[in-house]
Each structure stands twice: as C-alpha cells, then as structure tokens.
Student: 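Just passing along the structure, written as structure tokens.
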Amino acid sequence: MERRDFIKLLPLAFVAVATGCRRPDEKIVPRIYPGSYTTPGMPEYFNTVYSFKNVAYGITVKTYEGRPVKIDGNPKHPLNIGRSNAQMQASLYSLYDPVRFIEPKVNGKKKSIKETLEALKNQIQNEISLNNQVRILIDEHCSPSFASLFRLIENDNTNVRFITLPPLNSDSNHSIINKEVLGINGVIVPNLSKAQYVLSFGADILGTDKNSLYHTIEYSKKRGSNNNSHNNIKLVTLESNYSLTGANSDTRIVVHPNDMEAFAESLLYNYLMSSGQVELIEQYDLLNTYDSIEINLIAKDLLKYIDKAVVLSGDYTNYRTKYLLTALNHHLGNIGNNKILCTDNILPYSNNNIPDINTFREELTEGKISSVIFAGVDLAYFGNDLFDLITDNVPSNNLISISLYDSQTSRKCSISLPMAHFLECWGDAVCFDGTKTIQQPIIKPLNNDSIGLGDLLINIFKEFCNSISNYNTYYDFIRSQWMGYAPDDRKWEMALREGFVKKHNSSYVLEYNIYLSKINNVPRISSSNNDLLLLGLPSNTIATGEFAENRWLRELPDPITKTVWDNYALLSPTTAIHYELKNGDMIEVTSDSIILVLPVYILDGVADNCIIASLGYGKTQKGKTNVFDLLNNLNIKNVKLNKTGNNHKILSTQNAEIQNNPINKDFEVKLQATIKDNQNYKYKLHHWAMAVDLDLCTGCSACVTACQIENNIAIVGRKEFSNNRQMQWLRIEKYKDSNNHITFLPIMCQHCDNAPCESVCPVFATTHSPDGINEMTYNRCVGTRYCMANCPYEVRRFNYKDYHKNETEQYKYIYNPEVTVRMRGIVEKCTFCIHKINEARYKAKNSGSNAISDGLVKTACQQACPAGAITFGNLLDNNSAVSIKIHSNTSIRLLEELNTNPSVYYLLRRDNCD
Amino acid sequence: MIDNNNISINDVSTKFSSIINDKPGRRFYYVISLALLFTLFGIVGAYYTFIEGVGVFGLNTSVIWGLSIASFIFWIGIGHAGTLISAILYLFNQKWRSPIHRSAEAMTIIAVIVAGLFLLIHTGRPWFAVYWLFPYSNQMGVWVNFSSPLIWDVFAVLSYLCLSLIFWFFGLIPDLAFYNDKVKSRFKKWLYDIFSIGFYGSNKQWYYYRKTYMILAGLATAMVISVHTIVSFDFAVTILPGWHSTIFPVYFVAGAIFSGLAFVIILLVIIRYSYSLEDYINRSHFKKLNKILLAMSIIICYSYIMEFFTAWFSGNEMEQVVFIERISGTYSLLYWFSIFANVVLPQLLWSKRVRESISISLIISIIVTIGMWIERFIIVVSSLYKSILPDKEFLYVPSWVEFSLLLGSFGIFIILFMLFIRYFPIMSVYELKSGVNK
C-alpha cells in the first residue's frame, strides 16, 4: 500500500474501530480493573459466569475493543479458582459461529425480531384467553433469577408450566435414590477434599461428569509429584467403558455393566462381613455372588479408610446398584454435614423431574397441551419419541423454539427465534456450594435479532403476569432479584467486578434420614454379562451434543481414543474378534428396529460384550449416527450387531494401538547418566522453562483447546484431518504405563537449548531467543519443512493450506490480535505464549525493572489446566515455582539421550499402590 | 575410439553435419509432442501447487517430505554420470568415452535444472524461497543460515550446474566451430559463429584448449563427489533414525553414479537407435558402462548391508524400529523391489553375454532407474513415517499432483534433451576424428 493510500484509509479504520465496539446498552458493566477505559489494542477483562446445565463456574473474559477473544476461569472464584475445562474455553466459539441461527422465522418466513415477538405474544395471548395449556421445555439450569422468574409466571398463569428436560435423566436417577433413601430432593456433589479413598462405579468424576472441573481441582490438590504427603487420595474405578477417571485411577477394574450390581452387592456383603455387621447382611438380603479377589481388597481398603472413603455411582449403574452403594456409603459413615457426601452440597435445581415429564406425557396423549415452547432444548435430537408425541398431539403451528443453532427441533417449529449467547445477555447462576454469580453481557448481541431467554419470557409474559409486569427487561428483573445482595449500585458493581458473591451464612442445611430398610424389597435385576449392550455415554469433548457445532471441540482429540470429528463404537479386542471386526469397519447396531451405523474402534480396556458409543454426535450430519435415537434416554440397551462391510477411515491423532510410555525409558536414561547442561550460552536474566506434572495431568485436554484459542490455531476440518494434517501446537499423547493403563503425556515445543530445528533452517526463520525460547519468525519462513523433519518431538506444524482463508468475517473477530494469523506455506509451533511474556516484560519495564517476577506470565495451557499440572517460569530464579518443580527427583526431560537439552520438564506419575 | 576401420574422418563429418542439417523425422515430432503433453501435465500440477499450497500433495503432519524430495535426489543423482564419464574417465585417459560423454554431460545439466525445480516447488512459499536461500545483502541484514545443509545444497547444486555448464560448453567449442562450417542456415551459422568464440583450430588454440579442459575436468571430478555428499548431508546431519548415518555420503554418491549410468545407458540406446550410430556406439561401450554399473551396484549393496549393521550394532532401539519398518512395514514391498533392482538384478552383469547384450542391459538399466527412484523414496519417507516418540503413523501416499510433477519433470527433460540433440553435436566430433584410424 502506498503511504498516501494508507493515510486516506486511516479515518476509515477509526470508524471501523468505533463501530467494532459493541458494548451492551446497560451502563453498569464494570471492568475488573476499575478506572481503566477502552484503549484500542489493549485488552480489557470482565468477570461473568459460565454455566453448563446446573453447574456454574466463574469466568474472566478477555476482550479487545469490546469483542471477547478468550475465556478463562475467574481466579478468585472459590469453585474453579481460575481454572477451566475445554468446554468452557470453547464456549466462546458459538458466539462468533458463522452457522449460528440468526434469522427469526415465523411459519418458515424470515421476520424481524419485533414481528416475531408480536406473533409470539399474540399466540400466547390467544392461548391464555382460551385457557389452553402452554408448556415451556427448558434445559437444566442453575440460575436463581430464572427459577424465580418461571415460578412467578407459573403462579400467575396456572396454564403455563415449565418442564426441565435435559438430554440425560441420569441425575434424576440419583435424585430418585436420594429422595427415597435420604429424603433429599437433589443430587449430592461429593466433596473429594475430605476423601482419601474414592471408589467409582462408572462415575466419571474426572471426565464427563458435569462437576468434573471441580472434582479435578479437588483431586489435584491431593496429588502432584511435589506433594509430600503424596498418598493423599487413592482412586479405584470400576467401569465398562474407558473413562478419564479410569485412566487416572490407581486401580482400574473392568466389568460388564450387568455385573455392576452383583459387584456392588458382593462388596457390600464383604464389607459388612469384615466390619462385623453380619446381621445386616441378612436384613438386606445380600448375596455374595460375584467372585473376585478385588472385592476383598476393596472391602479391606474401605474398612481401613472408613469415613474417608466414598463410593460413587455413575450414570449407567442400575437402580438397585445405586441403592446398594448409598447403603454402603451410609455404613462408611460419610453422609451428613461436613462429610464427604455433604447434604448441603446439592446441585442447584437437580430435583427429580421424571414425574413432571411423565405428567407431561400423559397430558400430551390426552391432548390437553396446546402450545409447546422449546427453550434451548433440541428435543427432536435427543428425545425422538417424546418429540413425536408432541408433534402428534400439538398443532404444528403452536410449536415455538428459541435456540442458538438452527436445530432439528427449530426446523419443525412454526416460530423459531435465535437465542443470544451467554456472553450477550444478562443472567445469574448459583453454584452448588452457594456461591452466586451474575452473568453480565460482554458484548451486545452480534446479531440484533437474537434475544436472551429471560428477555423473551419477560417480553411474552409481562402482560399476563402481574408480578413481572413492571420489568421491561430481564436485566431489571435480575437487578431486583439481587436487591438483597446488592441494594445499591456500588455493591452491584462490586459483585459484577468480583464476578461472584460468596456464600452467605448457610441456613440451608438439609434434613436427611436414612431409609435403608426397603433395600430387601428392591428386586434384583438379573441379567447376564453375555448380553451385547450398547452403552451411550456423554462425549469427553462435545458432552451430550451441546457442543456438537463447536469446531474447536470437534477437532479436539478425545482424551482416550484420540479420535476427532466422528463418533466411534468402542469394542474390546475379544468382542471384536468374536464379531470378526477390524478398526474402521462399519457396524450396524440394531435395537427395536432402530439402526445405528458406527465405525468400530478397538480399545483394549473396555468391557467385553459392550459397544460403547458417545452421545452428542449425529446432530449436524445426516445418517444413522445419533445414539440417542437408539437409546431413547436410557444409558444402556441390549442390541444386535451386524457387520455392514463398509469401511471408515479413523480420524485420529494417534494410533489405535497403544504404545509403551517413552517416559519410563527416559527416566532410565536419566538414572544411567545424568547429562549435564552443556549450555553454550549463559542466560542472563530469564531462562523460560516449563514443568508438566504428569502425576496431576488427567489428560482432559483443556490445555489443547486453550492453546488453540489463544494462538489463533487454524481449524483444519474433517477433510484435512483425513489427510492427517493437524495444527494443534499442543498434543496429549496416550501411552501404556506399567499396569497397562493409559497415561497421558502432553507434548508441546520443548524449547531445546540445543534445538535440532534451529541449525537446519536455511533462512534463520527459527532461532533461539536470549531468554531460552525457540522462536519462530513466520515472516522469514519459506516452508522447506526441514525443521519439522529434524524435530524428534514432532511438535512443529505446517500450514499445508490457507486454513484461515475460508473463515467468515464474523468468525475472524475471534482471533487474538496479539498473535499473527499464519498464512499457508509456513511452519508454526508452540511459542511459550511469547506475547504474554512480552506483555509482562513491558509491564516490568514500565515499572522500572527488567526482571519479570515469578507467576506474572501464565501460558494459555497453564492457565486453563484444571489440575494445575503445568508450571511455567524462570529457571534462573531458584525460588520460582518452576525451579522448585524441576529440581524434584522425579523430573525428567523427554528423549534426554538425544542431548537436545529441552526446557520442558516432566514430573513422573506415581500410582498410589499401598 | 571407433572400432570400425572403414570409417574415415570424412564419414564422421558427413554423419554429424547431417544430424543438424536434415529435417527431423516424424518420430521426432511424435516424441516431442508426447513430452510436451507430459510437461503440460506437470505445469498444471505446479500451477495448482502454487495456487493452493503444498497441501495438494499427499504429505501430512509427520511425513513432511515426499515424492518431490525423492525426485530431487533422483534427478541430482542422474546428473552425476555425465560428469563422471566426461571428467573422471578423461582424467583416467579412457578414450572410449568420446562417443558418449557429450550426451551424458547434456543429461547432467538438464537433470540438475529439473532437480532444482523440484526443490523450489516443494517449499511452502516458493516466491520467497527463490531468493531468500541466497546470501544476498538485504536491508534487514538477515543472511542465510550457513549451518543448514539445505544452504550447502543450494550452493552445491548451483556450483555443480555452473561448472557442468562451463565444462560442457568448453568441450563443445571445437565442435561448434565445426558446425559453423557445416550448417546451411545463415542464422544458425551466425549463432554457431558466436558460440564457437573464434575457435579456428590453430595449434596454439588446441594447446591451451587441452590444458584448460584438463583443469576443468579436475574441478568437475571434485564436484561429482561433493554434490551428492552434500545432498546426503540433508539427511545425515539430522538426528532422525534411519537418516543419521555416516554411510550416507558414500551411499549417495555411489547411488547417484549408479542411477546416472543406468540412465546414460537408456539414453545411449535410444540415440544409437534413432540416428543409426551403431558405428560409433558399440557393444564395447555398453560392456564398459555395465562394468561400472556392476561396481556401483556392489557399493550400493555394501551400503544396504551397513544400514542393517548400523541398526543392529548401534543398539539404538529407534534405528532398529526404522530398519524393521523398512524391511517389513508399510513400504516394505517398495524396499524389496529396490533391493531386487539395485542389488540382485545387476549381478547378471557378471556374465559377459549379458554385459554385451544391448537389449538386456537396456532392460536392466530401466529397472535400475526405477529401483533407484524408489530407493530414494523409501529413504525419504520411511524415516519420517516412524517417529522417535512411539506415537503415530500417518501413511503417505503421493497425490496425483506429485505424480504430475514427476511426469512433467520427465517431459521437460525429454524436450530439453531432444533440443540438445537437434542443435548440438551429440558426440564429441573432434575426439571421434582424432580416434579414427588413419
């Protein structure tokens, strides 16, 4: 561009900047650092809340010129202390998603939001005047204001009812048990900080559980290579699938789902036997049918740890198993106030909703329901039979939907509205520990036609509902709800700035009683472990379809299988041999004439006679890939398996066959000969280094997504992935450990002091910085890929194509302006988040010092890691956190024998085997 | 050396002036249009690569070099025999080289040019690579990284090209002067006049000519050894198992001469047949070339054995993994084919009858050429396919674009070589004349 052209265009750029700011209308949106004002090019931070169903965490949103570019945990939030998971990180994606639902539609025609709301209001008015029944289906939530809003609406309009309808009713199963056995209406969140022994019956507390972030944090507090009292927690898992919890367990036992009950029963039997409560065995009518050495060992351990031990049951354990395990927990003495299963740590609004749904079904069949509003619930996707019941019994032009995406449900509704993203609208949330958080909009809805759910309800029901008639917006409503906490603007602002309000004096202690006497009346569910079962479980990446459109998460390798984009039927090698199946064979899974077609992935370590598939897929693509269709809200179903003869290329970042862990070998190398640091260069002030504590790493892959977002790493797409091209700078490799368990090894650029890549680059595109970082100069790279050939860690990534070229303009807002967007033909790799180091350097320089103090720089992966496994800092500073970690006796470097002298250290994993 | 006693100096003059003065036959146009078609196909592939990026190749995250690098080594290797025949044999006073060295030199130059194209196309950003790989002084003060074997590569290939060009041109001068006398077209006469740079064949000129030629031959000999040694450094200098090996320079140089000689044999058979040069290129030439071929094959065989020995004796687990992958893994069929083509098949040349049979040696040469190409492919791909961390294996299958480039390279080679035949003396006429029995 000519200089003159540039100056000509300059005013235009200012206009662009000015219009680029989409600050929300409400003036009270405090930044975290008060007094700051928007400076173009400088980031601003806002605290708000991320809620996934009925679990909420505090988040800090980083914005540039008013556009959010990164979500991280709010460091002060008591629950997630600044940490996050992959889903939280990636929830930003749907804000800018180019395929987001943007146009309200009435009877298939595009309308403005005003017209649509008008049409909707007319319809509801019509229904209410005719005394017709309106049902509003909502997902699980944890917003007290939302709950009181719909209670107010229900109170004023007896014909309007809200029904919570989550994809999986598993919580409800827990809440049924809790109701029956403890008299508590809700799901207890176990407090692992009090536990020393955790026995999980398929409870994926470190993986797909909604509270997994919280559990991972608590779990990680008790582990870690530098933890002196290392044996703080022992995790034993009993499972049919291969979950992250199983992979991280000290002991992992594989059982068929149908054996879970017998196992639980025998365990309770053995426990009662060894604890001398023989009379209870008879009272409970227990049998010792499951023969296994492990039961005795576990029973002994339980007796040893007694009230420090807890037994958790997962989604796919049956009713009686849950009953038995609750009894076991009771006998361990860990239910009650200030115990592991603390009766006031109840998931918000987790009460049993099955009766509501059953009533709804009955009303539908009786033809009583006149209108149904799907409020963010894609029922057509996950509840086919109920949705069919609705479409059969409710007039088709009385179906209304509001959703973030043009979903299967919204396409069948007469009125469909685009929902605002949670960063675009007001709301609030309460965590299970009572911490309350306000959800403040960070950006005005990108699309003016989007509307928040609260705003929609206020808009529709304002005129028919006296108690909310004086609120114009949902913001007003929330403000009024928070009057108790924040009576004036100052306190309200404080609450917004802090991002949360701590739990007030808890007068919220639930009364509970134990009713175990009925246990002998619960019928034994006898089923054989020779039955072929389909076990549908939430996906480790896209949950139960909530993130199915999220390309970051679709491309995030599943922690266990390392597959991307597609759903797979996991089979054990024995089962695969029995059915003569190979990796990638397409199979037909049939039950009740419903067919599911999935490719096979053989995984050593899943139960025999089990097909394990992830829920959440089959939402966006055609074909019989939706596991919900077959399972129909259950977790398990007896199925038949047929081979189709077709084949599917497995898209994964690693072989299906799991290799031995190279770390063990490296440790031997270290023991044999301690290679001295033969530094040719004397570092002066900083030598950046990283320590990854493998004892803490659960393999959850939050770091991978965080890195991808922070560094504008391209999404390559399914097609390019099938060419085995990946761009993620950080990858987590899975290996076998000595017990044949899967262990994880996060690998990023090792920033070697003797970097093999640097010496071979012909044009000096990759060089070493004076503070120990292997730098990549994108501008200089000509793409010979010689560095990639010579990197033993294979961490360098090549832009085979212009991956960013096809992204839409709206999507490009998501880019972090601090990091170059790479074009095709150049190599890229982990930079140790050098832009963050530079930012800290400028700050330090401004305050008159050259040294960056420890903890000031946090790399994206470090910030995200829910287990706190990653430490980053200055190696020259002997007191820095990273130095302390590195100088522990379990620290090793990868492929030390190559003498590359890496700056990334790994701390070995140690299983608790006492 | 011409064995046929019936050929006189005049016959030689008539023969070679007819090649440039006669209109080429129909077959010439057939072949050149086929070559043009190949080239066009290659250009389409190259254009597509430039527009879309290297992503149109079949490469992936771990196999980052593929067919184009293998072809680069192949063509550079082809370029070795020319200089070997002209320079090394000249230094050893092998008179029999005179009918064959000219075309071998032309082959060298063309092959090196073609090889350079591969190097350029394979880079991610060729529009920068085309000049950033040179140490030119720029305002940023950034130079090239002299410790990178790739830079040595650029220098080695370019100096080899330059020297080969000079050596070839220098050898041409007396013949260009001869053509200047014989050619009929005035325009051509003018051109030949310019390029013969005033050579009229005085004793003094011949004296200096011989001396310079000797010096150039010495220089070129050194180059033959250095170029492929440096190309082999691209691999040997890395720390990748299967590449990181000191045998590589010897291995590569021998392989280059081996494949180059095979290629020379193919070209000689074609030239001999097309221009009825049976009198000039005879069985004894093939016999001698085949002897060198056999010798090189034995060196190659030794290298293969050393590869196994290194893998076994080093005790390096990864070396062994890569070696086992080579012999029994995904690409093992290709490996065994190259063993057959490069080691087993040439052993037939121990037999005198086979050595002297032109048709059999043509077949052997074709298979050796293919085998050597495949060998390079295996060297490049199999080490990349297996990583040091027991992590992932991403199969590399070249895409159609890469094959189009390979085909295009042959197209370019054929076109340029045919133009050389058309406009330049394909044999060193003055040397032939000096060898004629008077």
Side-chain angles (χ1 to χ4, degrees), chain A residues 562 652-655 657-662 665 720 723-727 731 733 735 745 747 756 758-767 777 779-794 796-803 823-827 894-895 897-900, chain B residues 52-65 69 119-120 122-133 140 142-154 234-235 237-241 243-244 316-318 380 383-384 387-397 399:
Chain A
K562 296 288 157 203
S652 69
T653 58
Q654 215 177 339
N655 293 346
E657 191 186 330
I658 311 170
Q659 305 273 357
N660 283 326
N661 197 342
K665 197 186 78 192
E720 278 294 280
N723 294 337
N724 292 322
R725 290 168 189 164
Q726 336 155 5
M727 292 310 291
R731 67 178 191 272
E733 299 198 336
Y735 292 113
L745 181 62
I747 299 181
E758 285 168 13
S759 61
V760 297
C761 175
V763 291
F764 279 132
T766 182
T767 46
T777 315
N779 296 3
R780 179 69 175 167
C781 180
V782 297
T784 63
R785 311 191 281 292
Y786 201 175
C787 53
M788 296 176 77
N790 209 19
C791 176
Y793 308 100
E794 303 218 3
R796 290 178 159 265
R797 298 284 178 262
F798 183 67
N799 286 276
Y800 277 104
K801 286 186 175 170
D802 220 339
Y803 294 118
M823 70 174 302
R824 78 161 159 99
I826 59 174
V827 175
L894 214 48
L895 304 180
E897 72 270 28
L898 294 177
N899 199 19
T900 50
Chain B
E52 277 294 309
V54 195
V56 299
F57 291 0
L59 302 168
N60 56 46
T61 306
S62 61
V63 184
I64 43 83
W65 287 352
I69 291 292
L119 212 51
L120 193 63
H122 114 104
T123 60
R125 302 201 296 179
W127 54 96
F128 289 130
V130 77
Y131 67 102
W132 279 1
L133 291 172
M140 292 183 289
V142 186
W143 275 53
V144 292
N145 182 4
F146 285 106
S147 68
S148 167
L150 219 63
I151 284 298
W152 313 340
D153 238 18
V154 173
D234 281 350
F235 302 94
V237 166
T238 66
I239 55 174
L240 231 63
W243 283 3
H244 183 68
N316 186 336
E317 205 179 308
M318 266 323 289
V380 172
S383 279
L384 289 170
S387 48
I388 298 181
L389 291 173
D391 169 22
K392 50 201 173 259
E393 283 158 17
F394 296 148
L395 189 70
Y396 163 68
V397 180
S399 71

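Here is how names work: the chains are called A, B, and so on, in the same order as the sequence lines, proteins then strands, and each is numbered from 1. As a basis for the values below, the full set of heavy atoms in this structure was taken, side chains included, without hydrogen atoms, waters or symmetry mates. All values derive from a computational prediction rather than experimental measurement.
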Student: Report which part of B:Y396 has an atom under 4.5 Å of a heavy atom belonging to chain A: side chain, backbone, both, or neither.
Tutor: neither

Student: Does the side chain of B:V144 reach to within under 4.5 Å of the side chain of A:P762, using non-hydrogen atoms?
Tutor: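 Answer no - side chains too far apart.
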
Student: To the nearest 0.5 Å, tell me how far A:R796 CZ sits from B:I64 CD1.
Tutor: 11.0 Å

Student: Between A:S759 and B:S147, which heavy-atom pair has the shortest distance, and what is it?
Tutor: O-OG, 3.2 Å

Student: So how far is it from A:C791 SG to B:I239 CD1, rounded to the nearest 0.5 Å?
Tutor: 8.0 Å

Student: Please look at A:R725 and chain B and tell me whether the side chain, the backbone, both or neither of the residue comes under 4.5 angstrom of a heavy atom of that chain.
Tutor: both

Student: Does A:C781 offer a backbone N or O that forms a donor-acceptor pair with the side chain of B:R125 under 3.5 Å?
Tutor: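 Yes; at least one donor-acceptor contact below 3.5 Å.
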
Student: Would you mind checking which part of A:P792 comes under 4.5 Å of any heavy atom in chain B, side chain (CB onward), backbone (N, CA, C, O), both or neither?
Tutor: both

Student: Hey, could you give me the CD/CG distance between B:E52 and A:D802, rounded to the nearest 0.5 Å?
Tutor: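 That separation rounds to 9.0 Å.
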
Student: Which residue out of A:I747, A:V827, A:V763 racks up the most heavy-atom pairs below 4.5 Å with chain B?
Tutor: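 Heavy-atom pair counts peak at A:V763.
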
Student: Between B:T61 and A:E794, does a side chain to side chain contact (heavy atoms under 4.5 Å, CB included) hold up when you go through it step by step?
Tutor: CA-CA 8 Å; B:T61 306; A:E794 303 218 3; 5.8 Å; no

Student: Rounded at 0.5 Å granularity, tell me how far CE in A:M788 sits from CG in B:L59.
Tutor: 9.5 Å

Student: If we define contacts as heavy-atom pairs under 4.5 Å, which of B:L384, B:V154, B:V142 has the most with chain A?
Tutor: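 Between B:L384, B:V154, B:V142, the count favours B:V142.
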
Student: With a 4.5 angstrom heavy-atom cut-off, which part of B:V63 approaches chain A: side chain, backbone, both or neither?
Tutor: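 The backbone, not the side chain.
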
Student: In Å, rounded to the nearest 0.5 Å, how long is the span from CG of B:N60 to CD of A:E720?
Tutor: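 Answer rounded to 0.5 Å: 10.5 Å.
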
Student: Search all heavy atoms of B:W65 against all heavy atoms of A:T784 and return the closest pair with its distance.
Tutor: NE1-O, 2.8 Å

Student: Rounded to the nearest 0.5 Å, how far apart are CG of A:N779 and CZ of B:F128?
Tutor: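 Rounded to the nearest 0.5 Å, the CG-CZ separation comes to 8.0 Å.
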
Student: Examine whether an atom of A:T900 lies under 4.5 Å from a heavy atom of chain B, and if so say whether it belongs to the side chain, the backbone or both; otherwise answer neither.
Tutor: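 For A:T900, the side chain is the part near chain B, not the backbone.
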
Student: Shortest non-hydrogen contact from A:R780 to B:W143?
Tutor: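 So the two residues come closest at NH2-O, 3.5 Å.
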
Student: What part of A:M823 lies closer than 4.5 angstrom to a heavy atom of chain B: side chain, backbone, both or neither?
Tutor: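 Just the side chain, heavy atoms under 4.5 Å.
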
Student: Select, from B:G53, B:G124, B:G58, B:S62, the one with the greatest count of heavy-atom pairs under 4.5 Å involving chain A.
Tutor: B:G124

Student: Apply side chain to side chain contact (heavy atoms under 4.5 Å, CB included) to A:Y786 and B:T123, showing your working.
Tutor: CA-CA 10 Å; A:Y786 201 175; B:T123 60; over 6 Å; no

Student: What pair of heavy atoms forms the shortest contact from B:H122 to A:R785, and how long is it?
Tutor: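 Nearest pair, atom of B:H122 first, then A:R785: O-NH1, 2.9 Å.
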
Student: Between B:W243 and chain A, which part of the residue has a heavy atom less than 4.5 Å away: side chain, backbone, both or neither?
Tutor: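 Side chain only.
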
Student: Under 4.5 Å from any heavy atom of chain A, what part of B:D153 do you find: side chain, backbone, both or neither?
Tutor: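 The answer is neither part of B:D153.
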
